[in-house]
Structures are given as C-alpha cells and as structure tokens.
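Along the sequence shown, residues are numbered consecutively beginning with 1. Every number for a ligand or one of its atoms is a count from 1 in the order of the listing.
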Amino acid sequence: MRILVTGGAGFIGSEYVRLLLGKPLGSADGVPPLEPTVVTVLDKLTYSGNLANLDLVRGDPRLRFVQGDICDPTTVDEVVAGHDVIVHFAAESHVDRSIAGAAPFVTTNVLGTQTLLDAALRHGTGRFVHISTDEVYGSIDDGSWTETWPLAPNSPYSASKAGSDLLALAYHRTHGMDVLVTRCSNNYGPYQFPEKVIPLFVSNLLDGGTVPLYGDGGNIRDWLHVHDHCRGIAMVQQKGRAGEVYNIGGGTELTNKKLTGLLLEACGAGWDRVVPVTDRKGHDRRYSLDITKISEELGYTPSITLDRGLADTVRWYQNNRTWWEPLKTTPTA
Ligand SMILES: NC(=O)c1ccc[n+]([C@@H]2O[C@H](COP(=O)([O-])OP(=O)(O)OC[C@H]3O[C@@H](n4cnc5c(N)ncnc54)[C@H](O)[C@@H]3O)[C@@H](O)[C@H]2O)c1
Ligand SMILES: Cc1cn([C@H]2C[C@H](O)[C@@H](COP(=O)(O)OP(=O)(O)O[C@H]3O[C@H](CO)[C@@H](O)[C@H](O)[C@H]3O)O2)c(=O)[nH]c1=O
C-alpha cells in the first residue's frame, strides 16, 4: 500500500509516519497491521515543519520526502498520482497566529485541502483521511460533543478547519469519494513546536523563564498524547467507514490552571513563575469529546495516562534542547 502523508514533517504527522514505518513513540497495541510499501511525505516545511522530526525513520527505504505546497496544483497532482491512501495533516495549526492574521489559514487549510481533494478525485485515490479538530464544534459548557453535533467554530483557525472538514465530507457525498474525517482534542508530546501551551510552558520553565497564563486560567481542554491520536487515526484509516466522522479524545479534561500546576511541579518550579496575561480574543471556554463511536466501532481507547505522558514529555524536552532551542530564537513570521 502506498500512503501519502501531508504535513508529515509536523508534530502529529511525523508521529503518524513513525507509526506507519514501525518506529512509534509508544506501543502499537490494537493498531491493525499497516505494512506500507511506500510512505510519501508532502510538506512545505513552514516554520512548524522540521525534517529533524523524521530522524527516527531517516534512511527507511520506504520513506520519500517531497518539499511542496498543498496549494500548488501541479506539485499536488504529481505527488498524489499512484497513492492508494492520503492522510491529510498539513495545515496552519495555531489559534493565536490565526487571530493575528487569517490569510494563510484560509489559503492552506481551505484551498490546500480542496486542491488535494481534486487531485485525489482525478487520480481515483482509494481513501482520503482528513485530520480535523474538535474546535470545529465551538465551545461547550456541559456534556460532550458527538459527531452529529452542529459545527460552530469561533476562531479563524477553527473556521478554516470547519471549511476543510465540510469540503472533505462534501467530496464523499457529491463524488462518492472514500473520505473519512477525524476530529480530535488537544495533542501533546515530543516534537511539538514550542508555541502551543505545553511545549511553550515547559521550554520557558526549563530556561528559567516565566509562563503567560491567559485570562483566569479556567478554560478547559481535553489532553491526548500524540501517539494515542495516531493510533486512533490508524484504526480509522484501516477500519473506518467511508463518509463517517470519528471523534478521537483523551478523556483527560483539565483547566489551564490545573495543567500549569502539573507542569510547574514536573519542572520543579513555583507559582511565582506564572504571569497572568490578557485573555485570548474569543477564547473558547471548554472542549469535550464523546468518543463512544470510535471506541465501540473500532476498539479505540487511549493508552497513555496524562501523568505518564506529561512526565515523558517533560523529560523529552529536558533531553532535546538542541531540537527546541533554535526554534525559540528563529523568527517565524
Ligand atoms: N496539535 C493539536 O493539538 C491538534 C489537535 C487537533 C487537530 N489538529 C490538526 O492536526 C494537523 C497537524 O497538526 P500539528 O499540530 O501537527 O501541526 P504542525 O503545525 O506541527 O504541523 C503542520 C505541518 O504542515 C506543514 N504545512 C503547513 N502548510 C503547508 C502547506 N501549505 N503545504 C504543505 N505543508 C504545509 C508544516 O510545514 C508542518 O510540517 C492539523 O491539520 C491540525 O489542524 C491538531
Ligand atoms: C499558547 C498559550 C495558550 N494558553 C491557553 C489557551 C488554551 O485555552 C490552552 C491551549 O492553547 P493552545 O496550546 O494554543 O491550544 P488550543 O488553542 O486549544 O488549540 C490546539 O488544540 C486544538 C484541538 O483542540 C487544535 O486543533 C489546534 O491545532 C491546537 O493548537 O492554553 C495560555 O494560557 N497561554 C499561552 O501562552
């Protein structure tokens, strides 16, 4: 099977490539055999893409890397040809950046996805797995989102992801393409660019600095280890039903204040290192996913507890300064 992974040099995409090639960050228990003959990574290498993320699989004869933009129809057409499956991670992924400027989010997330879908349609690609996000549902005060919940995104990032999510489903309904969509909660783990809250806070604390906690710190996120997310995607790729949406969550909801406390403890720092700052504009209060569908249909359960996952992640950032230190000093605009 020939698999194309877009955004495979990013945080989550690179773990998916490692999983496909038999070098994941955790045990692949419960994941059906993947056995790819070729894994092609198509990645533009934006500020968040990094070839070093693929170091563990460098040299695998099945891995091919193409530096290219998913918005470029010529490149996309050439790369898509001959693949049986596309797993589409490539995106602009950071909410704060989308507030500062929405244009690249609309371009990459909406137009880039349309460009890929059109190429997959032309080439008759067997299966297209679109990686979406729980943020497309908006914010929820009580209860949890099932897959049939109406979409109500609030940030330019989540609006652009909702656009691509609905486009992917539309290609299934309109053209009969074998498209599946996954919507997952907040990922954490090694190789996450140090702008998202966990790697930002951990790297700042390891550097002896402070951490900026938005608003009252009461916003709630559901945390999912990147390896468990990729296990869930692999199950969807192998066993999911065409045209369906699958939520993938971690079942670990925490306020940002509680999360900050855990990170301070793991880094041996005190609350004097926390600086309350002005809240994010339009800040979603709570995300919560109902994962009954993927659990009952595909046998998914997260395997890495938050305690273990956070301890391992902090240790990874302690031991891999050479990976993240340059990323904190290089301009990324
Ligand atoms: N990080 C999370 O918590 C999370 C949660 C839910 C969903 N997601 C989704 O998962 C996917 C991956 O997220 P991530 O956290 O790994 O993001 P990331 O920012 O670490 O990686 C994105 C990758 O896409 C590449 N890319 C960006 N624009 C491109 C373009 N125009 N053409 C080709 N490549 C391009 C980048 O170079 C990078 O390698 C995204 O679609 C994101 O919306 C992320
Ligand atoms: C960067 C930063 C964040 N925060 C808060 C804002 C959020 O409530 C929480 C997590 O922020 P972020 O790490 O930016 O993640 P969030 O906005 O939830 O979005 C993430 O999770 C989404 C899935 O829920 C993904 O679709 C996005 O790609 C990913 O970036 O921490 C702070 O308090 N201080 C900060 O400096």
Self-check item: Any D178 side-chain heavy atom under 4.5 Å of F128 side chain
Solution: no

Practice problem: Quick one: sort the H283 and Y214 rings into parallel, tilted or perpendicular, breaks at 30° and 60°. | Solution: perpendicular

Practice problem: Kindly say whether D141 contributes a backbone atom to a donor-acceptor pair with the side chain of R286 at under 3.5 angstrom? | Solution: yes

Quiz item: Does ligand 1 have any atom that is closer than 4.0 Å to a heavy atom of A9?
Solution: yes

Quiz item: Short list, please: which atoms of ligand 2 are under 4.0 Å from a heavy atom of Y287?
Solution: 18 (O), 24 (O)

Quiz item: Side chains of R321 and L206: does their closest heavy-atom pair fall under 4.5 Å?
Solution: yes

Quiz item: Does D69, backbone or side chain, put an N or O under 3.5 Å from an N or O of ligand 1?
Solution: yes

Quiz item: Would you say C184 has any N or O atom under 3.5 Å from an N or O of ligand 1, going by distance alone?
Solution: no

Self-check item: Contact partition for I12 relative to ligand 1, non-hydrogen atoms under 4.0 Å
Solution: both

Quiz item: Does ligand 1 have an atom that lies less than 4.0 angstrom from a heavy atom of G68?
Solution: yes

Quiz item: In Å and rounded to the nearest 0.5 Å, what is the CG to CG distance from N186 to D134?
Solution: 6.5 Å

Quiz item: If you count the atoms of ligand 2 from 1 in the order shown, which ones are under 4.0 Å from a heavy atom of D134?
Solution: 23 (C), 24 (O)

Self-check item: Any N/O pair N186/ligand 1 closer than 3.5 Å
Solution: no

Practice problem: Only heavy atoms count here, so choose which of I12, I131, L200 is nearest to atom 36 (O) of ligand 2. | Solution: L200

Quiz item: In ligand 2, which numbered atoms sit nearer than 4.0 Å to a non-hydrogen atom of E195?
Solution: 1 (C)

Quiz item: Backbone or side chain, does any N or O of L42 fall under 3.5 Å from an N or O of ligand 1?
Solution: no

Quiz prompt | Residue L45 vicinity, atoms of ligand 1 by number, heavy atom under 4.0 Å | solution = 37 (O)

Self-check item: Any donor-acceptor N/O pair, K293 side chain to V245 backbone, under 3.5 Å
Solution: yes

Quiz item: Is there a side chain to side chain donor-acceptor pair (under 3.5 Å) between D77 and H123 once you walk through the steps?
Solution: CA-CA 8 Å; D77 196 68; H123 289 284; 3.0 Å; yes

Quiz item: Going through the checks in order, is the side chain to side chain contact (heavy atoms under 4.5 Å, CB included) test met by Y137 and E147?
Solution: CA-CA 9 Å; Y137 296 119; E147 288 81 354; 4.3 Å; yes

Practice problem: Answer yes if the side chains of H88 and T6 hold a donor-acceptor pair under 3.5 Å, and no otherwise. | Solution: yes

Quiz item: atom 25 (C) of ligand 1: which protein heavy atom is closest, and how many Å away?
Solution: D43 OD1, 3.4 Å

Quiz item: Of all the atoms in ligand 2, which lie at a distance below 4.0 Å from a heavy atom belonging to H94?
Solution: 14 (O)

Quiz prompt | Heteroatom proximity flag, A90 to ligand 1, N/O under 3.5 Å | solution = no

Practice problem: Report yes if some N/O of F89 lies less than 3.5 Å from some N/O of ligand 1; otherwise report no. | Solution: yes

Quiz item: So W316 and Y191, would you call those rings parallel, tilted or perpendicular, with 30° and 60° as cut-offs?
Solution: tilted

Exercise. Examine K161 against ligand 1 and note whether any of their N/O atoms are separated by less than 3.5 Å.
Key: yes

Quiz item: Does G8 reach ligand 1, in the sense of a heavy atom lying below 4.0 Å from it?
Solution: no

Quiz item: Which one holds for E135 and ligand 2: side chain close, backbone close, both close, or neither close, with close meaning a heavy atom under 4.0 Å?
Solution: side chain

Quiz prompt | Taking every non-hydrogen atom, the tightest pair across N204 and R273 | solution = O-NH2, 4.2 Å

Quiz item: Do V110 and F105 have side-chain heavy atoms sitting under 4.5 Å apart?
Solution: no

Quiz item: Should you measure from each heavy atom of Y157, which atoms of ligand 2 turn up under 4.0 Å away?
Solution: 25 (C), 26 (O), 27 (C), 28 (O)

Quiz item: Under 4.0 Å from any heavy atom of S93, which atoms of ligand 2 are there?
Solution: 27 (C), 28 (O), 29 (C), 30 (O)

Quiz item: Where's the contact between R183 and ligand 1, heavy-atom distance under 4.0 Å: side chain, backbone, both or neither?
Solution: neither

Quiz item: Is W223 in polar range of ligand 2, meaning some N or O pair under 3.5 Å apart?
Solution: no

Practice problem: List the steps, then state whether side chain to side chain contact (heavy atoms under 4.5 Å, CB included) holds for S185 with I248. | Solution: CA-CA 7 Å; S185 55; I248 308 178; over 6 Å; no

Practice problem: Under 4.0 Å from a heavy atom of K44: give me the atoms of ligand 1 that qualify, with their elements. | Solution: 29 (C), 30 (C), 31 (N), 32 (N), 33 (C), 34 (N), 35 (C)

Quiz item: Applying a strict 4.0 Å limit to heavy atoms, is Y157 in contact with ligand 1?
Solution: yes

Practice problem: With the side chain counted from C-beta on, respond yes when K328 and F193 share a heavy-atom pair under 4.5 Å apart, and no when they do not. | Solution: no

Practice problem: Pull out every atom of ligand 2 sitting under 4.0 Å from any heavy atom of P212, numbered as shown with elements. | Solution: 32 (C), 33 (O), 34 (N), 35 (C), 36 (O)

Quiz prompt | Residue-ligand contact H283/ligand 2, heavy atom below 4.0 Å | solution = yes

Exercise. Look at ligand 1 and say whether S132 reaches it with a heavy atom at a distance under 4.0 Å.
Key: yes

Practice problem: Answer side chain, backbone, both or neither: which part of V197 comes under 4.0 Å from ligand 2, heavy atoms only. | Solution: both

Quiz item: Can you tell which of N186, L213, D96 gets a heavy atom nearest to atom 21 (O) of ligand 2?
Solution: N186

Exercise. Flag T108 as yes when one of its N or O atoms lies below 3.5 Å from any N or O atom of ligand 1, and as no otherwise.
Key: yes

Self-check item: Numbered atoms of ligand 2 (with element) below 4.0 Å of N256, judged on heavy atoms
Solution: 5 (C), 7 (C), 8 (O), 9 (C), 31 (O)

